[in-house]
Novice: 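There's a structure below that I have some questions on.
So you know, we letter chains A, B, ... as the sequences are listed, proteins then strands, and number each from 1.
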Amino acid sequence: MEPGGLKNVDTVEIPAVPVFSWSVGNFMEKFFDGLKDGKLMGIKCPKCGRVYLPPRMICERCFTENEEWVELPLEGTVESFTIAHVKVGDDGELEDLETPETIGMVKHKGADTCIVARIEGLDPADAGVGMRVTVVIDKSAENILDVLSHYVPC
Amino acid sequence: MEMKSETTSIPGNWRLDQFRWKTEQVKLMGKFLAGLKEKQVLGLKCPGCGLVYVPPKPFCRCLERPEKWVEVSDEGVVTTFTFSGTWAFRGFEEADESETRIIVGIKLDGADTLGLSLLQGSDPADVDVGMRIKIRWPDAPEGALKDILFVEPA
Amino acid sequence: MQDVAVIGVGLSKHVSKRRDVNIAELVYEAVSAAYDDAGVSPRDMDAVITGNMPAFEGVNMPELWGAGHWGAYGKPLLRITTGGTTGGSVVHGAFYAVASGMFDTVIAISFEKQSDGDTTMGLNSVGIADFAAILHFGTDPEFLVSAGGGAIGIVAYQATSYMKSSGCTTHHYDKVAAMCRSNAARNPYAHLKQPDITPEDVAKTDMMEYPLRFGHCCPATDGACAMIITSADKAKKMTGRPAYIKSCASCSDEAAIIGIFGGGPAHLDPCSQEGCKKAAEKAYKLAGIKEPRKEIDVAEPYAPFANQLLMFYERLFLCDEGEAPAVLDSGSMEIDGELPVCPSGGVISTNAIGASAMERIAECALQIMGKAGEHQVNKDVHNAVAHGWGGALNLNVVAVLGDTPRR
Amino acid sequence: MEKQVAIVGYAQTGYGSYVDASREILVLEAAAGALRSAGISREVLDTVVTATNDYMDGRTISNMRLVEPSGAWFKDESKVEMDGAYAVLYAMMRILSGDHDVAMVIGASQASVYPTYIPGVMMLDPTFDRERWLLNEVSAGALQARAYMDAYGATEEQIAGISVKNLRNAAGNPLAVRRMPVLTVDDVMDSRMLYSPIRELNAFPPSDGACSVILASSEKAEQITDNPVWIHGVGFSHDSYLTERPLDKLGSLKQAADRAYAAAGISDAKDQVDVAEVHENFSHEELMAYEALGFCGEGRGSALLESGATKMNGELPVNPSGGALAANAACAAGLARIAEAALQVRGEAGSHQVKGVKTALAHGQTGLCAQENIVFILGGE
């Protein structure tokens with residue numbers, strides 16, 4: 001079947017950009033407060049002991065309200081990684097990066113969930129699953145999301 | 001744990017400005033607008049159910065594609081209405097009469113669709129559903145939708 | 001099919017801004033309340049049906065990161081979103097999930113956290129591309145703005161045309177608003193509670209777009225609603241007085257943002273709402289309701305604007321066309337009247353958009369179960385009708401609930 | 001499930017990286033095409049379920065202006081905001097309830113309209129991951145691929161083998177975007193690197209397109225066609241957010257498959273399924289799907305591929321259409337697997353027909369790293 005019997009559709013564009021402001025809630029608030037003190041705060045399910053980092057209000061496995069805060073070590077293990085040769089540009093397409101960067105999925109000892117962040121200070125070719133890395137916290141970062149800045153190899 | 005009533009907000013947006021919506025309407029509208037320039041209102045008739053769409057619409061609720069151009073009258077009836085000031089409306093009763101604009105929904109004779117226009121030459125208190133109106137053509141139509149912006153009592 | 005019943009209802013607090021929780025956490029409040037109300041846990045759920053109106057929060061399919069908070073881990077999950085009717089459509093989904101026999105017990109979840117987003121912009125995104133196209137074709141931009149931006153611009157036409165066809169006055173709209181807001185004062189989950197408001201107070205509020213005043217319009221709310229829905233067989237074992245969902249029906253009419261797009265004849269009279277009538281006819285027929293005005297004990301029409309309560313009361317066949325203003329004047333719609341309308345306070349008092357149509361059904365269920373508390377109507381409720389409305393004036397969902405199963 | 005709901009018609013528009021039609025016309029053509037294929041008129045439909053996404057359509061309530069083009073005018077209509085395969089599930093529930101007999105299902109999107117990778121970014125946790133701009137559909141897929149490779153020793157060349165198989169198969173599918181009859185592993189390995197190990201030819205081609213399927217109750221199905229395709233079983237499941245689950249396996253796909261197999265009475269999928277259409281957004285996902293679907297043991301996906309069993313002429317061909325790597329219109333991609341599986345059962349797949357198909361499996365997914373999965377088992381008489 002040939003779509004579009006009428007040829008030559010025209011395109012419409014508009015300048016609108018709706019904005020949002022997502023409140024993070026008290027559990028993520030405590031996580032960010034911890035980061036600003038140089039600490040990684042996770043939360044533990046009182047029932048199954050699963051530790052969420054970043055923290056979640058509810059343990060999805062037990063449907064229990066998490067309550068016990070635990071400070072996790074700054075070192076973690078790379079569970080998976082990718083070398084990014086592109087990024088999503090403003091137009092939503094993949095645009096080439098000048099210098100490839102390493103993005104890792106890191107699990108901290110004692111945590112059951114992962115954090116995704118850049119791994120810096122290594123040749124991307126040297127990145128590997130199982131590698132030990134340390135989180136770099138930038139307390140002076142203006143954007144709260146940049147306080148957990150990146151990881152470096154231990 | 002201590003609960004704050006206001007937690008961090010993360011700002012974000014939706015890049016609607018990066019959308020490129022497609023429409024067949026432009027091509028159809030070209031013919032419609034050319035008609036307006038000649039003080040003709042053209043409609044597009046559905047071969048399936050016979051509905052006449054003004055302005056033209058590339059698809060019909062009966063799943064056929066309207067394709068036959070027909071001329072409809074420049075007279076018709078008011079089907080609904082509201083009043084508006086330019087930007088801040090103070091209410092029908094309180095509004096400055098000279099600033100009150102009467103926005104009417106109209107159905108032209110021979111068309112099956114609703115259009116919106118501004119009614120002139122009528123007292124706001126006299127507007128009613130079913131009232132006969134006709135398009136007040138500009139002396140020199142430009143071939144734009146605003147050529148049929150104004151209607152007056154027929 | 002298997003018969004379907006509601007055994008639990010949960011609502012979060014409904015206020016204009018919940019900045020202490022994120023979206024997932026807000027929804028958890030309603031979800032956990034529903035589980036508690038039914039005395040069940042996620043373990044008892046066979047599936048999760050959820051939805052919201054995503055453009056408001058700026059999150060695409062929020063359940064992908066949030067549903068762990070709702071007990072959805074490892075469950076079959078279905079997301080249904082249909083705009084203003086979303087909450088109703090989600091319950092319809094839950095109804096079919098159970099009625100089909102594919103599942104026994106499911107949770108239906110709907111929500112909106114409007115303070116996380118830009119409501120007007122979200123609503124405008126309905127037609128923003130089309131507005132741009134219209135401007136391109138040489139419409140007067142000022143005309144376009146004054147002719148109808150956002151929901152209220154469209155509903156104003158509905159309001160005037162209803163006034164013409166029914167002979168009602170703006171005073172009736174004032175009365176509707178006052179009735180709903182004072183009902184809302186009895187409902188702990190309502191947003192705008194005004195126990196002592198009078199129609200005269202409403203008439204003094206600012207005009208938004210003729211004939212609608214500020215007091216005729218709904219607020220923007222953060223809130224969530226959840227319902228536990230199960231088979232009639234299970235419901236009988238789990239609760240003394242379940243509310244049965246006897247039927248669900250929707251009907252979609254042509255889309256038209258009044259005239260701009262050359263939509264078809266459906267909206268020549270924007271208050272005709274043929275879709276609502278067709279959906280109601282079908283829902284009553286399936287439910288075995290022959291004379292709705294006699295058999296329905298409570299109605300929850302979806303009316304974010306005061307005029308719509310009267311219009312939909314008629315379109316739901318609760319009186320003849322054009323008679324709703326007289327019914328309102330008779331006092332029959334009051335919470336202690338003959339056929340109470342919106343005892344919850346309605347959408348005009350509380351509008352967490354994605355949840356609103358579900359909250360109409362939830363209120364009917366609470367009234368049937370006798371669990372509505374201070375806003376419980378003063379009579380036995382055997383049958384109730386709930387309604388949802390949205391889209392470009394074109395989508396309607398109806399559900400009929402009762403104290404007995406369909407057959 | 002014994003012959004309760006059948007597929008009685010289907011249609012797909014051609015897929016393309018830019019289709020010269022609006023979304024409304026695409027949907028109208030899919031709807032009209034499915035009605036023609038079933039030989040019925042719009043009046044016969046009771047209900048219409050569409051699958052579209054507001055963030056891909058660039059408007060809220062993305063179904064509201066599809067009422068007319070989808071054939072839903074004055075029908076009982078609803079919208080599933082997931083892959084269209086879930087819309088089939090919902091339509092099926094509506095029929096099984098007894099309140100509806102004939103349902104139209106349509107899934108559609110146009111990647112050439114929306115900023116391609118933004119809707120995926122908008123699926124992320126807005127309190128943390130979203131505005132860090134590291135994760136998106138492809139980078140998340142890359143983390144999944146690496147985790148799988150590390151766990152089971154699969155190589156990039158083996159993963160490229162999926163692209164080669166599927167895109168060569170697609171040469172026989174006139175609707176596909178990527179039709180590459182002579183593609184080699186080296187060609188895949190030479191394609192543009194996006195996020196290692198994912199290269200351009202390991203990743204889905206964002207496409208425009210629409211797919212439609214008409215379902216009917218058993219009674220109506222037998223009136224409409226001599227050749228109904230019965231839905232013997234369906235299963236679906238939702239997994240955790242991507243940073244909270246093991247990425248090296250498709251847990252919710254396994255759950256979905258187990259549920260579908262139980263309903264259809266399948267005990268040995270490899271033996272009982274004749275052809276499978278798998279919704280693989282990335283080539284490694286097909287290997288993972290082999291395992292989750294029970295076509296082979298855990299970690300044996302590459303070995304199964306290399307055995308040739310999943311080729312066109314193998315014992316269990318997978319993605320004879322070319323799969324989602326060959327054409328991928330979001331919200332239609334999983335639904336297209338169902339339409340393709342139905343084509344195979346009916347023997348109407350033309351140059352990509354597999355011989356002797358009695359039982360077919362179709363899979364759809366939604367969310368990053370295949371977070372939500374649905375499996376259908378289809379069969380003929």
Novice: Tell me if the NZ atom of Lys249(D) is crowded by more than 12 foreign heavy atoms within 6.0 Å.
Specialist: yes

Novice: Tell me which of these, Met149(D), Arg130(D), Gln144(D), has more heavy-atom pairs under 4.5 Å with chain A than the rest.
Specialist: Arg130(D)

Novice: Supply the atom-to-atom distance Leu134(D) CG to Arg118(A) CZ, rounded to the nearest 0.5 angstrom.
Specialist: 5.0 Å

Novice: Only pairs of heavy atoms separated by less than 4.5 Å count here; which of Ser23(A), Cys114(A), Gly89(A) has the most with chain D?
Specialist: Cys114(A)

Novice: Can you tell me how far CE of Met105(A) sits from CG of Leu135(D), rounded to the nearest 0.5 angstrom?
Specialist: 8.0 Å

Novice: Do side-chain atoms of Ser196(D) reach the backbone of Ile83(A) as a donor and acceptor pair under 3.5 angstrom?
Specialist: yes

Novice: Which answer fits Val113(D), side chain, backbone, both or neither, if we ask what part of it has an atom under 4.5 Å from a heavy atom of chain A?
Specialist: neither

Novice: Any salt bridge linking Arg245(D) with Asp112(A)? Criterion: basic side-chain nitrogen under 4.0 Å from a carboxylate oxygen.
Specialist: no

Novice: With rounding to the nearest 0.5 angstrom, report the CZ to CD1 distance, Arg132(D) to Ile103(A).
Specialist: 10.5 Å

Novice: Looking only at side chains, do Glu60(A) and Ser240(D) share a donor and an acceptor under 3.5 Å apart?
Specialist: yes

Novice: Answer with side chain, backbone, both or neither: which region of Glu95(A) has an atom nearer than 4.5 Å to a non-hydrogen atom of chain D?
Specialist: backbone

Novice: Sort Ser22(D) into side chain, backbone, both or neither according to what part of it lies under 4.5 angstrom from a heavy atom of chain A.
Specialist: backbone

Novice: May I ask you to name which of Lys107(A), Arg56(A), Arg61(A) has the most heavy-atom pairs under 4.5 Å with chain D?
Specialist: Arg56(A)

Novice: Looking at CE of Met122(D) and CZ of Phe20(A), how far apart are the two atoms once the value is rounded to the nearest 0.5 Å?
Specialist: 5.0 Å

Novice: I need the minimum non-hydrogen distance between Pro115(D) and Gly92(A), along with the two atoms involved.
Specialist: CB-CA, 3.8 Å

Novice: Donor-acceptor check, side chain of Tyr195(D) to backbone of Val86(A), threshold 3.5 angstrom: yes or no?
Specialist: yes

Novice: Can you tell me how far the CD atom of Glu244(D) sits from the OH atom of Tyr52(A), to the nearest 0.5 Å?
Specialist: 6.0 Å

Novice: Can you measure from CG (Asp150(D)) to CD (Glu79(A)) and round to the nearest 0.5 angstrom?
Specialist: 9.0 Å

Novice: Can you tell which part of Leu242(D) gets under 4.5 Å to a heavy atom of chain A, answering side chain, backbone, both or neither?
Specialist: backbone

Novice: I need the residue from Ile144(A), Leu145(A), Ile115(A) with the largest number of non-hydrogen atom pairs under 4.5 Å to chain D.
Specialist: Leu145(A)

Novice: For the residue pair Phe128(D) and Phe32(A), categorise the inter-ring angle as parallel (less than 30°), tilted (30 to 60°) or perpendicular (more than 60°).
Specialist: tilted

Novice: What is the minimum heavy-atom distance between Ala147(D) and Ser80(A), and which atoms define it?
Specialist: N-OG, 3.4 Å

Novice: Which bit of Asp248(D) comes within less than 4.5 Å of chain A, counting heavy atoms only: side chain, backbone, both or neither?
Specialist: neither

Novice: Can you say whether Tyr15(D) sits under 4.5 Å from chain A via the side chain, the backbone, both, or neither, judging by heavy atoms?
Specialist: neither

Novice: Would you call Arg192(D) and Asp96(A) a salt bridge, using N to O less than 4.0 angstrom?
Specialist: yes

Novice: Is chain D contacted by the side chain of Ala117(A), its backbone, both, or neither, given a heavy-atom distance below 4.5 Å?
Specialist: both

Novice: In the structure I gave you, are the side-chain heavy atoms of Thr113(A) and Tyr241(D) within less than 4.5 Å of one another anywhere?
Specialist: no

